[in-house]
Every structure is written in structure tokens, then in C-alpha cells.
Amino acid sequence: MRKRWFSLMAAALLLGSTLVPAAPAMAAPTFKVPFPCGQSWSGQTRSGHSPAYAIDFNRTDDLGDPVVASAPGTVDRVTDLGGTSYGKYVRINHGGGYTTYYAHLNGFNVSVGQSVGYGKVIGWVGSTGGSTGPHLHYEQRLNGSDIQVRFNGSLALYWGTKTYTSDNACSSGAGSGTVDTSGTPLTVRSGPGTNYAAVGTVADGTRVTIQCQTSGTTVTGTYGTSSIWDRIGSGRFIADAYVYTGYDGYIPNVPRC
Ligand SMILES: [Zn+2]
């Protein structure tokens, strides 16, 4: 987690406001190019596209190339529309109203309900549905409406064709954080929740290596309320609400458990 909850409360008091500030809109996920690290793909936008802000990706001999999740999330559609529209497509729900679509796939590598992280292969480039040649049709949506695509926060080219090079999951592996409980040792659990057995503690101020993150019991801690749990060893989980990681949500490039 990043923001200190109590600091925010104190700031509100200092301002002397009696109004409860509206919850800020959740920040957009950091979306990555939906292909493996290091690959370069030609992405085309055009005003006649449906929906308008979608990108069609190609590269030489791309039929069957892997397509990867552009941000962590939960797969909520794995659908085959047959010979029309998207054909075989996957939708990933990233939370906060954000979804991404991957269409005309040759095949699927995920199922509905599956948690995916950066770089997870979700399927392969194909030409299914209303497609006249192999390509990946990719969309980012907010609350169901297509939005202009951003990679690492940078707007894609509208309108035209540009080469996009993927840094998706280039630095995979562990993240790190610092336990902050304001004094008390933090309980380590055998799984991602307060209902799992206590298997030890870590002292306040301990630097921890985070192998992967997952969602579990919602906990309110130093950095606010979160259902994210950090795995710091085999069968050892701590609540992310007590860990300074530099990020409000999941840490980019740290895998889901
Ligand atoms: Zn398209």
C-alpha cells in the first residue's frame, strides 16, 4: 500500500473541513502492451473502427503468437461468438470499472474466474469472428465504454499506425515492502486471511520480500483498507494494509499467487 490512511485523515482535519471528501476515482491500472516482454507490434487505430478507440495489432507471421494480459485482473469472459464480431475473445476485469478485450483469438489459455497477472498468456492471435486476417483486436474500457488506449500511462496514437514495444512482465519476480504497524509485530498467516492459522510474526519496520500477491480477507491497517495479501514465504502471508510497497493496489510485475 502507499498512502497512509491516518495522514490523510489528519490532513482533512487540518483543513478544518467538516465535509467528508468524496472517494477519489480509482486510478487506472498501468496497462502494458498485450504481448510478451521485448516484442514489437504494429498497432493501428482508425476512426472507422468499432469501437472507435480499439487497436488492431499485427506483426509478421503473427498467427498463433501468444497474447498476454495487459494488467493484473480477473478473467470474466471467455466467449466464442462463432463467425461474427469478436469471434473468440477474452475480457479481463481490472477493478475500478476498467476492462480489457482481446478478440479474434485462435484459442484460449484461461478460464472465467481466473486471476491473471502481467504477462500471463491468455490466448493466441487468430482470425476468428468477423476478421479477414490474423490480428489482435484490443480494447480498454471504463464502465463499459471504450476509452483511448494508454500503455504505461501514455496515450496511443490516434489516428494512425505506430510500433509499440512491450515491457510487459519484463522484470518479473519478487517485489518488496516494509512492514509498518506503528509498533506491534504483524501476524503471519498460513494463507491469505485472518481465518488462517497464525504461523509467526514479523517485527514493525521489517523489510520483506513479496513473492506474489493475492486477495483474501479485508483488513484495515496503517495504509487503509485492503483485501490484498502478500506472500513472504512458503505458507506465509501478511496483510498488505500494513506493508509499505509504494503502490496503492497490486505491485506491478509481482505475480498473483
Ligand atoms: Zn479491430
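Every number for a ligand or one of its atoms is a count from 1 in the order of the listing. Treat the numbers as computed from the prediction; the structure is a model and nothing was measured.
- Judged by distance alone, with hydrogens and angles left aside, the side-chain atoms of Thr45 form a donor-acceptor pair with the main-chain N or O of Leu157 at under 3.5 Å.
- At a cut-off of 2.8 Å, His49 coordinates the Zn ion (ligand 1) through an N, O or S atom.
- Note on His137: counted as a metal contact of the Zn ion (ligand 1), an N/O/S atom lying under 2.8 Å.
- Looking only at side-chain heavy atoms (C-beta outward), Gln140 and Phe31 come within less than 4.5 Å of each other.
- Salt bridge present: Arg91 and Asp76 bring a charged side-chain N and a carboxylate O closer than 4.0 Å.
- Note on Asp56: its N/O/S atom closest to the Zn ion (ligand 1) is OD1.
- For residues 122-149, the pairs satisfying ring pair (Phe, Tyr, Trp, His ring centres under 6.0 Å) are His49-His137, Tyr86-His137, Tyr102-Tyr138, His104-His135, His104-His137, Tyr138-Phe151, with sequence neighbours left out.
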